[in-house]
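First up is the structure itself, then whatever we jot down about it.
Owing to the predicted nature of the structure, the values given are computational and were not obtained by experimental measurement.
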Amino acid sequence: MNALRIFLLLSICLASQTWLFAQTPHKQVQDSLHIIFNQLSIRKDSTVQILSYLESDNLKEQSIEFQYMISELIVQLNDSLNLQGSNIKHWTRINQARLLRQENNYASAIRILNDVKRERKELKILPDDADAILYSEISRVYIALGNYEQALDHLFYIFKNDASIKNSRFLADAFLDAAEAYLLQDNIPVGKVYLERAIELALTGKHWSVWTNAQIKKANIEIQNQKLEKAQRLLNEIKKNVDLNKSIYSGEFYLVSALLQEARKDWMGAEARLTRAKQLAVKTKNIKLNIKVSQEFGRLALKKSEYNKAANYYGTAIELIKQNKRIEKSMLPIYQNMAIAKENQKDYTKAFFYQKLYSQYADSIYQKEIKDRIDIRQLEINNKTKDNQIEELEKENARNKRTIELEQKNERYLGIMLALFFVALLIAVAFILDRYRRAKALKYKNTELEKRNQELKLIKNKLEQSEKRLDEMNRTKDKFFSIIAHDIRSPLNSQKGFADLIAKFGHKLSIEDIKKMAQNQQKAINGLFALLENLLTWARAQLGAIAINPETLDLEIVFEDLRNLFAKLAQDKGIVLEIDTNTHLTVWADRNALQTALRNLMSNSLKFTNRNGTIRVAAQLLPSKSNQVEIIVQDTGVGMSKEAQNQLFKLDTKYSTKGTDGETGTGLGLVIVQEFIEHCRGTITVESEENKGSTFTIRLPAMASSIEM
C-alpha cells in the first residue's frame, strides 16, 4: 500500500473513531483504534499490519463482540478505499467467521466463509496463505458439527496446494486440524501420523505455540494408551523448549500433566498440577480451561469417593458455565457427575434435579446441532445451485462468443473472395450487397438476441419464484419436523427420566410415588400415541394415500354416530352434550373426512370444557347461499386468545395446551381437520373468547351440483 493510501486509511480511521465515540463512549474503542494507527504507521505491508493486529493479545483480551466490531470496521475501511481483491478484507472476514464459530454460530460463520471463497474464485486469485486460513477455518466449523468428511475435504485442498503456502505455520495448523478430525473419529493411527507432520513443520518453522499444542495432544494419546513413560518424555520436551510462564498452552500442559499423575495413581501430584492449571486459568481469564480443571478436580474426587469435594468442584464448574453463558457437549458430564455425587451424599432430590438438567441441556444441544446442520446444508444447496447457474451462463457466453468470432471470420474471408472474383467492375455492387446483408444479419441477430434475453429473463424470474416457493416450503416443513421431533423427544426423554429414576432409586420410592409416576407415564404415552396417529394421518394425506370420495351424506346419521361415540366421555366429565339429531339436511362430502374432522373438533371441545359445561353440535342451511350447509361445534370452555386462534391451522407453529383435566394434545389435529374439509371443497373458521368458549364453523356444499368446477 503506497503512502497516499495509508494517509487515506488513517483519515477514515480518524473519522470512524469520532463517530464511534459519539455512538459508543467506550475507552476500549479508543485504545484499540490507537493500536491500528500505530500498526499502520510503522509497517509498509498492509496485510501484515491488519493480520498482526487481529492476532494481537491486546485485541484477544477484549470481548468477542468488541473484536467483531473492530473487524467490521476494517472491512468497511477496505471497501471505502475500493481495494478489489485485497487480502485485508479476506483476512478480516475470516477472522469474523472465527469469532462466530467461538460463539457456536456455525451457520453464520459458514455463510461468511463461503462468500469469501466465492469472491476469491470470481477474482481468480491463485492459492496463497489466505486460502490456507480460509479452508482451515471452514474445516473447524465442520469438525465442531461432527461432519469430519467435509472438514477433511477442505484440509486436503490445503495439502494439495502446499507449495503455494509461504507461511509454514498455516500448513502446520492444517495438519493439526486433520489430526483432530481423525482423533475425534477414534482413528488414532492416522491421527498420530498427522500430528507428527504438524510437529515436524512447527519445529522447522519454530512455531512454538503450534508445536506445544501438538505435543500436548500427543502426550494425551499416550496417557490414554497407558504409555506413561513416553508421555512423560513428551512433556519434558515441552518444558525444555518452551517458557511455560509465557505460553498460551501452559494451562493445558499442567492439565495433561495432572492426567499423567492420575494414571500413576499419584493423587497428590495430580492435585498439585491441577491447582497450577487453575491458577493459570484464572490469571489468563480462560473460563473454558477453568471449567475443564474444575471438572477434572471433581472426577478425581469421585475416584477417591470424596463426594462432598466432588460436589463442590462440580458446583464451581456449573457457576463458571453460567458466566460463560454457553453449554457445550464437553460440559454435559459435569451435570451427570454432579448427580452421582449428590446421590452418594443421599441428596436424591438434587441428584434427580441435575440428572434432569443433563437431559434438558443434551436435548437443547442436539436440537441446535440439527438446526445448524439443516441451515448449513441449505446454504450448500443454494451455493451449488448458484455455482451451476454461473457455470452454465459462462459456457453459454463462451459458445456465443466462439460462434460470433467464427461468423465474423467467415464473413471476412467471403468479402475477400468476392472482391478478388468480381474485380473492379463488381466492387461497388459487392460492397452494397455486403453492407445490406451485414445490416440485415445484424438486425436479425439483434432481434434473436433480444428474444433470447427476454426468454432468459422469463426463465430467471420463474426460477427465482420457484426457488422462493421451495425455500418457503422447506423452511415451513423444516420447522414443522423440528416441532414434531421435539414433541416426540420430550415424552421419550420423560419416559427415560422416569425409567432412570426408578432404576436408580426404585428401592427407595414408595408405592404411591411409583403409582404417580406410572400415571404420568400413561398420560405421556397416550399423548405420544395420539401425536403419531395424527402424524401418520397427515403424512398419508400429503402422499395422496387417502382417497376422497364425496357422496350425499345425511347429517342426522352423522350426528347420531357422533353422539354414540362421545356420550360416555361427556357423561364422565359431567358435560352436557346437545347434538341436533333431528336435522334433515344433507351435505356433499367424503364420509371418513367429515367424521374425522368432527371427531377432532369434539375431542378438543371435551378437552377444554370444564365440568358442568355444554357442547352443542347443530347444522343449518345458509339463507343467503342455499347451496351451502353450515355445521357448528360450540362449547362453553376456556376459549382462546386472538394470537392462539391465528396459530391453529398453521403447519409451522404449534399450539397445544393441557386440557381442563390435564389431557394432552398433539397440536396437529386442527391441521388435519382443515386439510380434510378443504379436500371436500369446504371451509372451516373459528371464533373464540377467553373464558367464554369457542365456536368452530364448517361450511360444505349441500349437493354435488353446487360445487364450482
Once salt bridge (charged side-chain N to carboxylate O under 4.0 Å, His left out) is applied, do any residues pair with R563, and if so which ones, sequence neighbours excluded?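 R563 satisfies salt bridge (charged side-chain N to carboxylate O under 4.0 Å, His left out) with no other residue.
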
[X] (side chain) donor-acceptor with [Y] (main chain) under 3.5 angstrom:
| X | Y | value |
| --- | --- | --- |
| N549 | D590 | no |
| K573 | G613 | no |
| T586 | T552 | no |
| T636 | T614 | yes |
| Q645 | S688 | yes |

Out of curiosity, [X] [atom1] to [Y] [atom2], how far, rounded to the nearest 0.5 Å?
| X | Y | atom1 | atom2 | answer |
| --- | --- | --- | --- | --- |
| I677 | I631 | CD1 | CD1 | 7.0 Å |
| Q454 | K457 | CD | NZ | 5.0 Å |
| L585 | L553 | CG | CG | 12.5 Å |
| C680 | R591 | SG | CZ | 12.0 Å |
| R140 | L145 | CZ | CG | 14.5 Å |
| L601 | L670 | CG | CG | 6.5 Å |

With sequence neighbours excluded, tell me which residues meet side-chain contact (heavy atoms from CB on, under 4.5 Å) with [X].
| X | result |
| --- | --- |
| E690 | S641 |
| A310 | A301, L302, Y314, A341 |
| D580 | N582, T583, A618 |
| D347 | K342, T349, K350 |

Minimum-distance pair of heavy atoms, taken over all atoms of [X] and [Y]:
| X | Y | result |
| --- | --- | --- |
| D635 | G637 | OD1-N, 2.9 Å |
| P550 | W588 | CB-NE1, 3.4 Å |
| I334 | A317 | CD1-CB, 3.8 Å |
| R101 | A109 | N-CB, 4.2 Å |
| V629 | L555 | CG1-CD1, 3.9 Å |
| Y335 | Y354 | O-CB, 3.6 Å |

Passes side chain to side chain contact (heavy atoms under 4.5 Å, CB included), F696 versus T685? Steps please. CA-CA 6 Å; F696 286 86; T685 57; over 6 Å; no

Candidate pair L700 and L594, rule side chain to side chain contact (heavy atoms under 4.5 Å, CB included), full reasoning: CA-CA 10 Å; L700 290 168; L594 180 58; 3.8 Å; yes

Non-hydrogen side-chain atoms of I340 and Y307 separated by less than 4.5 Å: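 The answer is no; the side chains never approach within 4.5 Å.
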
Got a sec: does the CD of E687 have more than 12 other heavy atoms crowding it under 6.0 Å?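 For E687, atom CD is not crowded (no more than 12 foreign heavy atoms under 6.0 Å).
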
Tell me if the CD1 atom of I511 is crowded by more than 12 foreign heavy atoms within 6.0 Å.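 Result for CD1/I511: open.
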
Any chance you could lay out the side chain to side chain contact (heavy atoms under 4.5 Å, CB included) test for R599 and Q595, step after step, and finish with the verdict? CA-CA 6 Å; R599 283 200 302 271; Q595 288 178 337; 3.6 Å; yes

Of all residues at least two apart in sequence or in a different chain, which pass the side chain to side chain donor-acceptor pair (under 3.5 Å) check with S294?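 Testing S294 for side chain to side chain donor-acceptor pair (under 3.5 Å), a comparison that skips the adjacent residues, returns K278.
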
From CA spacing to verdict: side chain to side chain contact (heavy atoms under 4.5 Å, CB included), F566, L562: CA-CA 6 Å; F566 289 97; L562 204 62; 3.8 Å; yes

Is K568 salt-bridged to D572, going by a charged N under 4.0 Å from an acidic O?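 D572 and K568: salt-bridged.
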
